[in-house]
Amino acid sequence: MKSGIVGYGVYIPRFRIRAEEIARVWGKNPEAIKNGLGIREKSVPDVDEDSVTIAVEAARNAIKFAGIDPSKIGVVFIGSESPPYAVKPSATIIAEAIGATPDLMAADFEFACKAGTQAMLAVLGLVESGMVEYGLAIGSDTSQGRPGDALEYTAAAGGAAYIIGKEGVIAEIIDYYSFATDTPDFWRREGKEYPRHGARFTGEPAYFKHIISATRRLLEKTGIGLEDVDYFVFHQPNAKFPLRAAKKLGIPKEKVLPGLLNPVIGNTYSGATPLGLAAVLDIAEPGNLIVATSFGSGAGSDSMLIKVTDEIERKRGNTPKVVDYINRKKYLTYGEYVKHRKKLKFD
Amino acid sequence: MAEGSVPAVWRRYPQRYRLVGSKCETCGEFFFPPRIICPNCRRKGKVVEYQFSGRGVVESYTVVHTPPADMEDQAPYVLAIVRLEEGPMLTAQIVDVDPREVKIGMPVRMVFRRISEDGEDGLINYGYKFAPL
Amino acid sequence: MRKVAVVGVGMTKFGERWEAGLKELTAEAGIRAIEDAGISGDEVEAVYVGNMSGGRFVGQEHIGALLADAMGLNPVPATRVEAACASGGLAFRQAYLAVASGEFDIVVAGGIEKMTDVLTGQATTTLGGAADQEWETFFGATFPSLYALIARRHMHEFGTTEEQLARVAVKNHYNGARNPFAQYQKEITLDQVLNSSPVAEPLKLLDCSPITDGAAAVVIASEDVAKKLTDTPVWVNASAQASDTLALHDRKSLTTLRATVEAGKKAFQKAGISPRDVDLAEVHDCFTIAEILAVEDLGFVKKGEGGKAVEDGMFDLNSDVSVNTSGGLKACGHPVGATGIKQVVEVTWQLRGEAGKRQVDKAEIGLTHNVGGSGATAVVHILSRYIDLRSRR
């Protein structure tokens with residue numbers, strides 16, 4: 001039996017802010033923003049939520065889905081670019097909260113928006129090698145854009161967690177392809193609150209080059225044709241880029257839309273590709289082939305070829321789906337959003 | 001608890017992070033926070049660790065408008081006494097709910113949240129809160 | 001055990017005493033009590049002082065010696081007693097036991113709290129120390145919120161209303177308006193209470209006792225000495241105390257303070273009277289719901305009927321039982337460590353007929369009820385003009 005996903009779980013905070021509410025505050029044309037980025041609204045964490053609390057909720061859902069004893073988890077890797085501590089692992093907090101301590105490996109990964117899939121591949125390697133029986137990989141973020149910046153419309157909060165192992169696999173991870181270069185399209189310096197980005201430079205030389213290269217090379221490596229794949233999930237910094245990538249690759253958008261969550265929750269950074277994959281797994285049928293390709297600025301892409309097994313139908317139903325979290329929402333005004341995101345300075 | 005004390009919060013992680021309590025196998029009573037000695041059975045008791053399910057009901061609730069200094073950003077918040085399905089009661093915030101919708105008898109489940117933080121450069125305290133089931 | 005009487009009482013004006021520190025407040029109350037007893041001070045053999053949190057409120061511990069020093073009573077042994085808001089009541093009980101046991105003949109019991117040197121948020125945090133720090137306060141419980149949880153449950157189980165809660169505040173402000181030592185000497189209306197800002201729903205600002213500076217002191221003496229010192233001794237007919245879980249959520253019932261029930265039962269038994277014999281009671285109304293709990297748990301009314309009884313005026317001045325004639329914690333103010341002693345001062349004035357505009361007619365038997373935290377400590381005393389209530393001599 002091939003290693004793969006034994007269980008998965010997601011979490012999206014219940015607060016939302018509409019693109020037009022942000023546009024209103026900054027005197028922008030809301031229609032232009034919505035058309036330009038393709039986003040309607042984004043998720044916002046509660047004042048007491050962060051990338052760790054989101055990760056724990058997602059991980060608990062994943063463990064429940066997998067139906068395993070958390071003490072059997074031999075590794076916890078979390079990918080995030082918004083850890084609550086600059087120094088002190090998030091992974092140990094999560095491991096303690098799910099009852100996986102103390103006999104395990106734990107570490108935090110950072111690679112802009114692809115740290116989540118990188119954590120999945122690292123865990124996969126440990127499982128394949130036999131070093132651990134089960135591993136937990138999480139992508140979770142509560143990212144922030146500078147007030148008024150284009151990123152403010154999309155930088156959102158959410159996460160997904162994957163239990164990877166060899167027993168009770170619901171989706172085999174058949175193969176992968178990782179592609180990385182030093183391409184500085186987006187960064188945040190140590191101690192700075194908000195990131196900077198290369199504007200249009202984030203497109204062709206960064207997002208498109210890496211996503212397309214990783215996806216193409218994975219398909220070449222595995223000998224799978226585009227038409228054989230049922231769903232494609234691409235990293236989604238906005239709603240336009242993944243669809244344009246699909247077009248460049250010659251993929252019909254119907255195969256991309258089920259995993260495209262950006263219009264309704266925004267860009268959840270390290271959580272984005274894992275959440276998109278989860279949305280597809282929520283509806284996939286046994287035998288379906290899925291390609292999920294992340295992108296992290298700086299820059300790199302991980303592309304995974306995944307095959308859904310019969311086991312998925314036996315395990316489904318006990319945990320909330322992506323759509324359940326998407327439908328559970330409460331809108332904030334920009335003022336409330338500022339309070340939630342602690343953007344007010346008191347000294 | 002001494003303010004800013006690291007060991008004082010650290011030693012409660014299993015209870016606050018995931019509701020680890022205890023149970024007397026002699027009389028069947030559950031304890032949260034955990035007890036080492038069963039007050040009913042004393043020397044005859046056999047107390048073992050027990051993982052609570054995290055499900056319960058609201059026994060009483062209030063909306064706090066004047067919070068302690070380290071929770072000002074969360075106010076107004078709902079504080080409740082929750083009876084766990086195994087029996088013991090505890091005090092915790094109720095989140096993900098409009099305060100007007102909280103009722104006595106409402107079923108709730110444990111969620112993992114930030115409780116407080118020791119200033120901007122101190123430890124972040126995580127623990128249980130509850131949300132509508 | 002020997003008989004014990006209160007022979008001298010004194011208190012400071014309660015309120016925001018910006019000009020006075022711990023020492024000034026202590027001296028003011030202590031000197032008044034010693035003068036009232038008609039002694040020089042040299043006769044005092046020991047001091048017991050109730051203080052909740054000098055360390056947190058003003059950074060001062062070692063309050064026992066401080067009080068003895070401020071009152072000019074060195075070198076008498078001085079002991080601080082702490083049981084949160086019941087510190088004063090407990091200090092009185094320790095002093096009573098010391099005299100009743102035969103160890104001393106004349107003892108001073110005092111209570112002091114200086115609360116306004118810190119900001120309200122810090123005061124709230126300090127008072128929160130009376131709750132379970134690890135399992136209540138850590139999760140966001142404040143004192144008003146704990147009593148609000150009790151109030152909500154009481155409303156749920158017994159149909160108690162927010163108007164009935166507010167009625168307690170109106171009554172106690174009526175009494176406070178007639179007490180020159182009270183922090184708030186003004187009457188308030190039901191609408192004012194109901195429209196005041198929410199603190200911890202259903203409790204509003206005017207359901208809550210305030211933050212107060214103040215001190216109170218009493219001189220107590222053994223039977224022989226008391227009879228020599230005064231023609232109007234006020235006898236301590238019963239002293240009782242009980243404990244309960246620190247955390248509210250650990251109790252079998254959220255609407256009964258078991259410590260009050262137990263201490264009350266014991267006190268009535270010791271004094272040989274029943275609740276209906278009591279003419280006036282100073283009960284612990286840190287919040288309006290607390291007075292409703294007190295009148296139920298002490299047995300003045302059945303459980304669940306407190307709200308209705310308050311509404312019917314059963315506890316108004318000169319009705320069935322005059323409750324909180326001083327204005328209670330609500331209107332007289334609540335300098336936490338001083339409150340339990342202030343209750344004894346008020347009952348003594350009432351029993352001596354010295355309570356002025358708030359005097360209860362034919363006041364013969366009084367009760368004090370002091371609670372620590374959300375009910376983990378309760379102290380009940382019964383005082384009267386009779387050395388023995390069974391024989392009424």
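Note on naming: letters A, B, ... go to the chains in the order of the sequence lines (proteins, then strands), and numbering restarts at 1 for each one.
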Side chain C:His249, main chain B:Thr91, donor-acceptor under 3.5 Å
yes
Within-4.5 Å side-chain heavy-atom neighbours: B:Val63 and C:Pro198
no
C:Leu248 and B:Ile81: which non-hydrogen atoms are nearest, and at how many Å?
CD2-CD1, 3.7 Å
Of the non-hydrogen atoms in C:Ala141 and B:Leu79, which two are nearest, and what is the gap between them?
CA-CD2, 3.6 Å
Report which part of B:Tyr128 has an atom under 4.5 Å of a heavy atom belonging to chain C: side chain, backbone, both, or neither.
both
Rounded distance [0.5 Å steps], CZ in C:Phe139 versus OH in B:Tyr77:
12.0 Å
Side-chain contact test, heavy atoms from C-beta onward, threshold under 4.5 Å: evaluate it for C:Asp250 versus B:Met89 and give yes or no.
no
Tell me whether the count of non-hydrogen atoms from other residues, nucleotides or ligands lying under 6.0 Å of NZ in C:Lys308 goes above 12.
no
What part of B:Ala80 gets within 4.5 angstrom of chain C, counting heavy atoms only: side chain, backbone, both, or neither?
backbone
Working to the nearest 0.5 angstrom, can you tell me the gap between C:Asp132 CG and B:Leu90 CG?
11.5 Å
Does any part of the side chain of B:Arg16, heavy atoms only, come nearer than 4.5 Å to the side chain of C:Glu134, both counted from C-beta?
yes
Toward chain C, the part of B:Glu59 with a non-hydrogen atom under 4.5 Å:
both
Are there more than 12 heavy atoms of other residues, nucleotides or ligands under 6.0 Å from atom CD1 of B:Ile36?
no
Report the option among C:Ser145, C:Pro202, C:Ala200, C:Gly140 that has the most heavy-atom pairs separated by less than 4.5 Å from atoms of chain B.
C:Gly140
Output the option from B:Pro76, B:Pro88, B:Pro33 having the highest count of non-hydrogen pairs under 4.5 Å with chain C.
B:Pro33
I'd like to verify something: which residue of C:Arg251, C:Glu136, C:Glu201, C:Gln122 has the highest number of heavy-atom pairs under 4.5 Å with chain B?
C:Glu201
So for atom CZ, which belongs to C:Arg258, do other residues, nucleotides or ligands contribute more than 12 heavy atoms lying within a distance under 6.0 Å?
no
Evaluate the ring planes of C:Trp135 and B:Phe32, with Trp represented by its six-membered ring, and classify them as parallel (under 30°), tilted (30 to 60°) or perpendicular (over 60°).
perpendicular
Under a 4.5 Å cut-off applied to non-hydrogen side-chain atoms, are B:Val9 and C:Phe138 in contact?
yes
C:Leu254 and B:Ser60 have their tightest heavy-atom pair at CD1-CB, 4.2 Å
Does some side-chain heavy atom of B:Thr62 sit less than 4.5 Å from a side-chain heavy atom of C:Arg152?
no
As an exercise, state the distance from CG of C:Leu205 to OG1 of B:Thr66, rounded to the nearest 0.5 Å.
9.0 Å
Mind ranking B:Lys129, B:Gln15, B:Arg83 by heavy-atom pairs under 4.5 Å with chain C and telling me who comes out on top?
B:Gln15
Using a 6.0 Å cut-off, check whether atom CD1 of B:Ile37 has over 12 heavy atoms from anything other than its own residue.
no
